[in-house]
Amino acid sequence: AVVERLAPVNRIRALERRLAEAGPAPAGPGVPDTLERFEDWCRGALSGSVELVSRAYQAVRKSDFHDPGLIYRALLLLRDFYVPMRIEGTQERRAAYLAALAELQLEDSATGEGVRYAEDLYSVQYGGGRRLLDRHLKGSNSRDRRFGFRLYFFWDEDGQVAVVGWLPSHL
């Protein structure tokens, strides 16, 4: 009864909490070895927590990144650690997110100076307007597209989702 009076996003989150309290969820989709069915995997594994804009899908399709598994694991990190941290805001969630980043040898930081000089490159169309990709997960700093890793995203407060605008290379 209480759940039905909440705003749609809050209702979904309340239902997700109830499910989590009910016990472990069945294993979701694993981490594929290739990027062949990337879009399908994202729609099944990330729904409701992480959204990719079409430009991100296009970048992955054109990618020759050497470790497809890292792409999937970084997205799962956003789903399983970043989104709960943003929603709940507890120290425990923050610590879990930082530990997950360290495990994948990634760093979460502000996008930086590129936003000032190339706003069109560092922004995406989302929710009826342009939104800046103000955060990124950084892996290797290599400028070789096969080895350097970046995942550019922003937090959508209204939808309570992380929105990915580009990966897996530098912009």
Side-chain angles (χ1 to χ4, degrees), residues 2-3 6-31 38 41-53 55-56 59-60 65 67-116 122-124 126-127 129-142 148-171:
V2 171
V3 171
L6 299 172
V9 168
N10 293 333
R11 187 174 71 228
I12 291 167
R13 298 299 180 210
L15 291 170
E16 287 172 343
R17 276 193 297 279
R18 279 185 173 169
L19 283 172
E21 291 166 2
V31 174
F38 179 73
W41 181 90
C42 288
R43 287 187 181 94
L46 306 175
S47 180
S49 294
V50 179
E51 294 181 17
L52 280 77
V53 299
R55 189 172 89 162
V60 169
F65 188 65
D67 184 5
L70 179 59
I71 294 170
Y72 292 107
R73 288 189 300 276
L75 291 167
L76 290 173
L77 178 141
L78 288 177
R79 181 194 74 185
D80 296 340
F81 297 97
Y82 181 80
V83 171
M85 177 191 72
R86 290 300 305 248
I87 291 170
E88 295 175 23
T90 65
Q91 284 299 101
E92 293 82 13
R93 289 290 189 184
R94 179 162 173 67
Y97 177 59
L98 293 174
L101 282 168
E103 185 175 321
L104 289 181
Q105 298 179 342
L106 296 175
E107 175 188 327
D108 176 345
S109 62
T111 303
E113 296 298 313
V115 173
R116 290 186 192 165
Y122 286 86
S123 64
V124 293
Y126 182 82
R130 297 294 295 174
R131 298 286 302 268
L132 287 177
L133 300 170
D134 61 353
R135 310 275 330 147
H136 63 338
L137 299 182
K138 295 171 26 175
S140 165
N141 280 327
S142 174
F149 182 80
R150 292 291 187 275
L151 184 154
Y152 296 85
F153 69 103
F154 67 88
W155 175 248
D156 177 49
E157 190 65 43
D158 293 336
Q160 299 281 283
V161 295
V163 180
V164 176
W166 184 268
L167 73 160
S169 63
H170 287 269
L171 280 172

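From a predicted model like this one, the values you see are computed outputs, not experimental measurements.
Residues Pro168 and Ala59 approach most closely at CD-O, 4.4 Å, considering heavy atoms. Across all their heavy atoms, Gly148 and Phe65 have their closest contact at O-CE1, 3.3 Å. The two residues Ala56 and Val164 come nearest to each other via the heavy atoms CB-O, 3.7 Å. Between Val124 and Gly165, the shortest heavy-atom distance links the atoms CG1-CA, 3.9 Å. In this structure, Ser109 and Lys138 approach most closely via the heavy-atom pair OG-CD, 3.4 Å. Closest of all the heavy-atom pairs between His170 and Ser140 is NE2-O, 4.4 Å.
The distance from the CG atom of Leu78 to the CE atom of Met85 is 9.5 Å, given to the nearest 0.5 Å. To the nearest 0.5 Å, atom CG of residue Asp156 and atom CZ of residue Arg86 are 10.0 Å apart. Considering OH of Tyr122 and CH2 of Trp166, their distance stands at 10.5 Å, rounded to 0.5 Å. Here the CZ-CG distance, from Arg43 to Leu52, works out to 9.0 Å after rounding to the nearest 0.5 Å. Interatomic distance, Ile71 CD1 to Cys42 SG, rounded to the nearest 0.5 Å: 9.5 Å. Note that CH2 of Trp155 and CD of Gln160 are 5.0 Å apart. Values are rounded to the nearest 0.5 Å.
Applying the side-chain contact (heavy atoms from CB on, under 4.5 Å) rule to Arg73 yields the partners Val31, Asp67, Leu70, Leu104; only residues at least two apart in sequence or on another chain are considered. Remark: Asp134 pairs with Phe154 by the side-chain contact (heavy atoms from CB on, under 4.5 Å) rule, at least two apart or across chains.
Ring planes of Tyr72 and Trp41: perpendicular class, angle over 60° (limits at 30 and 60°).
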For this session: Determine, step by step, whether Leu106 and Phe149 satisfy the side chain to side chain contact (heavy atoms under 4.5 Å, CB included) criterion, reporting the C-alpha distance in whole Å, the side-chain angles of both residues, the deciding distance to 0.1 Å, and the verdict.
Result: CA-CA 9 Å; Leu106 296 175; Phe149 182 80; 3.8 Å; yes
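With a 4.5 Å cut-off on side-chain heavy atoms, Arg131 and Val163 do not count as touching. Counting heavy atoms from C-beta on, the side chains of Leu167 and Leu137 never come closer than 4.5 Å. By the 4.5 Å heavy-atom criterion applied to side chains, Val161 and Ser49 are not counted as neighbours.
The backbone N or O of Leu133 lies less than 3.5 Å from a partner atom in the side chain of Thr111, making a donor-acceptor pair. Between the Arg79 side chain and the Ala74 main chain, no donor and acceptor come within less than 3.5 Å of each other. Tyr152 contributes a side-chain N or O that, together with a main-chain N or O of Leu171, makes up a donor-acceptor pair within less than 3.5 Å.
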For a quick test of your reading: what N or O donor-acceptor pairs under 3.5 Å do the side chains of residues 91-98 make, sequence neighbours left out?
| residue | atom | partner | partner atom | Å |
| --- | --- | --- | --- | --- |
| Arg93 | NE | Glu88 | OE1 | 3.0 |
| Arg93 | NH2 | Glu88 | OE2 | 3.2 |
| Tyr97 | OH | Asp108 | OD2 | 2.6 |

